[in-house]
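The next block holds one structure in the form of structure tokens; read it before the comments.
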Amino acid sequence: MFLPIALFGYFALGRFSNLAPVIWLVLASLAFYAVSSWQFVALLLASIAFNHLVGWLLIAYRLRSGVRFAVLTAGVAGDLLVLCYFKYAGFLAANLNALFSTGLSVNVLLPVGISFYTFTQIAFLVDAYRGKVAHYALPHYALFVTYFPHLIAGPILHHKDMIPQFEAAESKSPNPHLILCGLMIFAIGLFKKTGLADSIQPLVSLAFSPEASPSFDQAWIGALAYTFQLYFDFSGYSDMAIGISLMFGIFLPLNFNSPYKATSIIDFWRRWHMTLSRFLRDYLYIPMGGNRHGRLLRYVNLMITMVLGGLWHGAAWTFVAWGALHGVYLCINHAWNHFGPAVAPRFARVADIAAWILTFLAVVIAWVFFRADSMASALSVLSKMADPTQIVFGRGEMANAMFVMIYAALAWFAPNTQEIMGYDHINRTVGETLGAWSRRPAFLYASAAVLAFGILGIQQHSEFIYFRF
Amino acid sequence: MIRKSGYRFSTGQTQSVCPETMLKQMSNAAKNLLRFLGAGGLIMAAAVVLNFVVDPLQLFRPARLFAAMYSQDSRMQDAGLIRGQDFDTVFMGTSLALHFRQSDIDRVLGVHSLKLSLNGSTSVEQNFVLAAALERHPKRVLWEIDDWIFQDAPDIDSNTHLPANFYRGNARGFAEYLFSGAMARESAWILARSIPLIEKPVAWLTTGVLFKFPISRVDDINVLRPGFDVAGTYNAKRAMAAFRHVTDPDRSAYLADGAGYDMRVRNFERDMAGLIAAHPDVTFDIYYPPYSILQWVAMRDASPQTFEQVYNFTAYVSRRLTSFPNVRLYDFREAKDVTHDLNNYADVVHHAYD
């Protein structure tokens, strides 16, 4: 019900003014946020006001460079302090307790989406400092932060990408083509979530539930099932966000590009949670020096970036381990590119396949840390995965393995959403490759079926994995 | 077509910006949008029809068109059993009631029973399911009770595992049932299973994990699978291993589960005593199952207060239950020949069949 009302109000107001629909969407987004987290609306508004003010100081005033830097530092530090308080205070207290038995107890609820809206705004402040931003009006800036399709779990938006779109007049009149394409992308995303990710969930708990004591094959089936569950869950969410946004005529950035087809870890990070990778690269890795200060420092910077990226997902040692593991993978990958032998052209294909399998296995092993409730549980599952003497492989395991293979085939060989829909974020086009719609009625009806199955699959109690981050 | 801002949308090959073509294209896209929404609606309707016709839970009628299939998921399956089965006796409990088959109960007691026990259930769940079953006026209730079920639990509508509205049989429940894609998947699966040519592979793939209706006889719900390794599961070695596991200082906290005496009494009065008092015409046969002696040893060592609480609580429950004229109480925890022979157990509480 929310979506049709938001759409209708947006386009109705768009007939009269260019600004009114923007304000309408801000209010709608705040209402959307308030339904699930009313107690944090004030925090969200305060964060917007604070960052807009700091940005305005940086953009509008000719401050001396020392003062400018101080203002930026204050802004970024303010954002990070709030994020740290809400996200990491409990973790810090627990670790202090473990180390010094202090008996500290911190109980802070995590405001939904705080990781995402903090990051988008830090990027804005840094760019304002670098002098790469013109002044944004408050309504457009507020919409950039609160825009409801992305507010809760990304993609992490970039102000330069979004605000010009919010300012443009075209998007404010309804475009049936964009609405249809948006619905189709939304349908694919919803189906990925409710039809694919939710259905494979039971296999994941076979390996990861606290009571489980999986055998070699069961542990692998569980780890692989989680690998695909997470992908279909999160990329499904991203598709839905892109689809909903497209109905408003706004193009959101892509967040996934078939990550499990990657043939190296570097490649994987260009395909998985792309907006986060880009953020970490532009606002953490490169400011730290990136690869400009020699090979050794480059590896150090990579490790720091990945560990912090892991910690961003949640305050737990499992996420640190996951980030560190990917950091190590990346270092090995870069070192191999540098020192490894060149592949003879006639073996290129074989090498690609080997690299693809190796990359995939490395990613699966890292996901075990990402999924497990504790380090002990992660290590226990990994030890089962490394112990081929314990094999059950009965009828249940065979059937489950078959289901996992279906998911694998989809993730490995099927075209992804943007390939199916011809979604081109940079050129702001969608559906170009499809040709005339009338010649493809089957496609239309197939995607309608996907939408129907997606809606039917909605379970009352299923939530997106990435809402927690 | 390229608009001023470089903001394009697909129009096939057309390059002109003439308003007429634009209108035509717009209306074409609009037509497609309507077709898309219409088709989506129709397909959802088809799923509803499929769920209604196959009716995997037998909420609307006993299975006739297709062979009945049952789920191991008792919290969901019981809703269909209560509506679809004939019975004069119901059996409630936790996993401790695992070994009792309806056919055995019928043979021994000369009744027509329906087993509704829920693994790992709380008194709130047991009360809700039993209350639904009692609306069909059985004469007798067999009830296996554990002290730990009387803990504070979320109310039945926030219980994610138990579809409360299926039991209530209200419009919302039927809508949830008919519009459920998961149920439509099961319906399609049961439908596929009725096609002789593919019956075998479909049955082979139905393991109860992804497709949840693997059981073809009511009697086989919630019992050990045929061919289950009984000797390998129920023996003193396993029981002692479990004892060591639960008494490990890292884990033994659960023995002192915090379910204080007052909380247990309050929940007992609401969920058990309340239900019994409301059905004076129904006979309640209630029994304490024979936990192994290890359970008490573990509890005594890990948390003497809990041990004392459970002891006092049992005394309270026994006094209260025996005060009802329609209750008969059986205590198997004092059957020393059972509880002291560890070969009867798979862990510190779960006993074997015989």
Ser180(B) meets the side-chain hydrogen bond (donor to acceptor under 3.5 Å, both in side chains) criterion, sequence neighbours left out, with none
Need one label for Leu42(B): side chain, backbone, both or neither, based on atoms under 4.5 Å from any heavy atom in chain A. neither
No-hydrogen, no-angle side-chain donor-acceptor test under 3.5 Å, Asp73(B) and His161(B): no
Checking heavy atoms, do the side chain of Met398(A), its backbone, both or neither come under 4.5 Å from chain B? both
The interface call for Leu451(A) against chain B, heavy-atom contacts under 4.5 Å, is side chain
Pick whichever of Ile43(B), Leu37(B), Val48(B) has the most heavy-atom pairs under 4.5 Å with chain A. Ile43(B)
Can you name the ring pair (Phe, Tyr, Trp, His ring centres under 6.0 Å) partners of Phe186(A), sequence neighbours left out? none
Are Asp157(B) and Arg168(B) ion-paired here, with the side-chain N under 4.0 Å from a carboxylate O? yes
